[in-house]
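Sequential numbering from 1 along the given sequence is applied to the chain's residues. These values consider heavy atoms only, across backbone and side chains, with no hydrogens, waters or symmetry-generated copies. Predicted, not measured: the structure shown is a model, and the values here were computed from it.
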Amino acid sequence: MRSTRSIIIQDVKINRIIVKIKGSLKNPKLTIKELVLRDYITNTILQPSHISWQGNDFEVLINLMSIHDENPMPTGDWYLIGIDQKGRSHESYPVPELVDAINERTFHISNDYNAYFDKSAKNYFWAESKIDQDNVSYFLKVSWSKPAPPLTWLQKRRKAYKKFMHNVSVGGFVKTFNFFHKFQKKVGNRLLFTSSSRKEIGGNEAFIYNRMVERGVDKQFKIDFSFKENIKDRRSFWNKFSFTIKLAKANIIICDDYQPELYHVDFGPDTKVIQVWHACGAFKTVGLERLGKPGAPAFDTRVHKCYTAMTVSSKLAAAHYAEAFGLNIDKIKPLGVPRTDIFFDEEYKKKVIPQVEEAFPQVKDAEEVIMYAPTFRGVNARTASFPMDMIDFDGIGEYLRKHHSVMLIKMHPFVREPLPIPEEYKDIIIDASSFREINDILFVTDLLITDYSSVIYEFSLFHKPMLFYAFDRMKYEADRGFYEPYSEMVPGKIVRTSEELLRALEKRDFEFEKVDPFVKKNFRYTDGKSTDRIIDTLLLKK
């Protein structure tokens with residue numbers, strides 16, 4: 001049975017790689033069993049990423065990067081098809097004759113406001129029309145770079161040799177993994193904590209492990225550990241061999257960051273790979289959200305695709321990472337972030353504040369402690385920098401003297417350049433960049449000044465004011481981008497110049513009323529029990 005007016009599509013919106021379709025069911029006699037996408041040329045049927053119903057109104061979300069068994073959606077003209085109760089099961093309609101389709105309607109995926117022009121594979125010239133989502137103004141971003149000179153014969157040989165050795169290393173790793181993976185117990189209790197960006201267990205992984213020990217849960221597992229200090233460092237032969245065996249035999253793998261080794265191998269269906277991502281919330285675009293921007297992954301990347309579960313702070317963050325990593329949103333669990341549990345722990349607070357005061361004695365007698373924690377500029381650790389001339393040390397120093405306050409400056413770990421703090425202000429402007437845990441400093445901080453750093457999520461749990469010194473906001477948005485419009489997202493006042501920053505400080509103009517709604521939006525739980533929820537849900541299967 002077909003009806004051309006049974007389902008009406010009312011709106012189609014495209015946001016990066018997410019397509020949102022809104023519509024309604026107009027025929028009350030029909031009960032729609034499911035909505036699917038169909039390409040009649042190839043007879044391909046695809047399930048949308050997510051469907052929600054409110055009465056007869058529906059909203060369909062399509063992640064173009066993960067809809068096809070978590071692979072990119074195939075090119076084609078796709079129809080939205082409603083299947084009523086008489087329709088065949090998903091597995092039984094490979095050809096049109098077996099489908100009861102209700103109101104087929106074609107929608108063409110396009111975006112009139114984003115056009116790309118690339119003159120060469122080396123990005124010799126690249127122009128891109130952009131939209132500033134905050135004020136709906138359009139601008140043109142143009143990048144130009146001089147083509148690299150042709151490689152000499154020797155340089156080509158070195159490059160080929162380096163690539164060959166890399167392929168040999170990866171191939172050896174994969175073969176070793178595959179050999180030992182044969183000996184993995186299908187139903188076992190081997191648990192591996194691993195990271196390629198820290199030399200020992202820390203962050204969310206440490207919270208999970210320590211809590212397992214406190215509860216005696218660790219005795220139910222055979223636990224292994226494997227870490228290396230930096231993502232660019234190389235493991236020794238024996239370290240890599242040991243890591244490969246542990247990885248191959250593990251039944252459960254817990255990681256907390258990007259880890260290249262995990263994406264080279266194919267895990268069995270009984271292996272659980274749990275990503276307890278280190279960052280809170282959905283702020284800057286990452287992963288596949290950055291397609292067309294510097295640092296974006298390949299369209300058909302294997303990176304992050306191996307996870308069987310990922311933990312985040314909220315449903316909003318789940319939607320963000322489903323898009324960024326090209327994962328089915330059902331795999332992403334808003335159970336909370338373990339390292340935020342300390343903010344609700346009075347005993348930890350009593351212990352950590354004296355430790356921070358010992359590291360920075362100036363904070364003890366200060367009337368106000370301000371922390372400035374900007375993020376880095378650049379694509380990655382290799383290109384990271386920060387424009388130090390944008391810090392008005394004289395203006396800030398005079399303000400701090402006048403108000404008997406101090407400022408701790410915590411640069412991103414990627415920024416190696418020393419802070420040029422003038423000698424006359426070193427007693428009230430302190431370089432805290434080498435202090436490992438920024439979360440511990442938050443306990444003594446009264447006001448946070450930042451720009452695009454995800455530390456705003458952790459600090460919001462203290463219900464204290466924030467200022468956003470976004471002097472290069474337009475450029476940063478063009479190069480990196482945000483998950484939502486910047487002005488709608490940040491929980492505080494935005495200033496663009498050092499004069500505006502000092503004026504906001506003097507007037508205590510922080511737009512503090514934005515903090516509580518921000519917390520409610522970005523944290524499903526604020527009870528200090530995220531670690532227990534993850535252990536119970538993903539490890540103990542309660």
Side-chain angles (χ1 to χ4, degrees), residues 9-23 34-39 42 44-53 58-83 90 105-111 113-114 116 133 258 263 273-275 277 279 281-293 295-335 480-485 489 522 524:
I9 294 177
Q10 298 164 328
D11 189 30
V12 178
K13 288 185 178 179
I14 301 159
N15 186 17
R16 295 178 303 272
I17 62 171
I18 297 295
V19 179
K20 182 184 292 185
I21 305 170
K22 290 185 177 181
E34 58 183 324
L35 294 169
V36 298
L37 298 167
R38 183 183 197 105
D39 181 350
T42 61
T44 304
I45 296 289
L46 296 178
Q47 295 281 358
S49 307
H50 179 72
I51 301 172
S52 59
W53 288 86
F58 63 84
E59 181 177 276
V60 176
L61 294 181
I62 303 167
N63 185 331
L64 300 178
M65 296 299 298
S66 70
I67 192 173
H68 184 46
D69 292 330
E70 297 192 341
N71 292 312
M73 185 175 179
T75 301
D77 290 331
W78 295 91
Y79 291 72
L80 185 66
I81 305 296
I83 309 299
H90 179 70
R105 174 156 177 181
T106 305
F107 58 92
H108 296 283
I109 297 172
S110 63
N111 187 337
Y113 304 111
N114 277 313
Y116 304 96
Q133 294 175 307
Y258 168 79
Y263 317 130
V273 183
I274 302 171
Q275 172 66 261
W277 193 249
F283 197 176
K284 296 168 286 192
T285 57
V286 297
L288 293 167
E289 294 170 329
R290 299 177 67 185
L291 287 176
K293 297 178 183 292
F299 189 77
D300 57 350
T301 181
R302 284 173 57 103
V303 173
H304 302 301
K305 296 287 189 162
C306 61
Y307 309 145
T308 56
M310 178 176 179
T311 59
V312 294
S313 62
S314 65
K315 289 184 177 180
L316 176 66
H320 168 59
Y321 285 107
E323 178 181 357
F325 294 166
L327 296 173
N328 189 313
I329 197 168
D330 294 335
K331 292 184 177 181
I332 304 181
K333 314 294 183 183
L335 300 173
R480 184 68 186 262
F482 303 102
Y483 187 65
E484 298 179 274
M489 182 167 44
N522 288 284
R524 185 176 184 181

Minimum heavy-atom distance [X]-[Y], with the two atoms named:
X	Y	result
Gly281	His320	O-CD2, 4.1 Å
Ile332	Tyr321	CD1-C, 3.7 Å
Tyr483	Thr285	N-CG2, 4.0 Å
Ser49	Asn63	OG-N, 2.8 Å
Leu288	Glu323	CB-O, 3.7 Å
Val312	Ala318	CG2-N, 3.8 Å

Check: Thr308 side chain, Val273 main-chain N or O, donor-acceptor pair, under 3.5 Å: yes
I need the [X] [atom1] to [Y] [atom2] distance, nearest 0.5 Å.
X	Y	atom1	atom2	result
Leu61	Ile329	CG	CD1	7.5 Å
His50	Glu59	NE2	CD	7.5 Å
Met310	Lys331	CE	NZ	12.0 Å
Lys315	Asn522	NZ	CG	14.0 Å

With sequence neighbours excluded, residues passing ring-ring contact (aromatic ring centres under 6.0 Å, His included) with His304: Tyr263, Trp277, Tyr307, Phe325
Trace of the side chain to side chain contact (heavy atoms under 4.5 Å, CB included) decision for Leu35 with Trp53: CA-CA 11 Å; Leu35 294 169; Trp53 288 86; 3.9 Å; yes
Phe283 side chain near Phe482 side chain, heavy-atom distance below 4.5 Å: yes
Qualifying salt bridge (charged side-chain N to carboxylate O under 4.0 Å, His left out) pairs with a residue from residues 304-313, counting only residues at least two apart or across chains: none
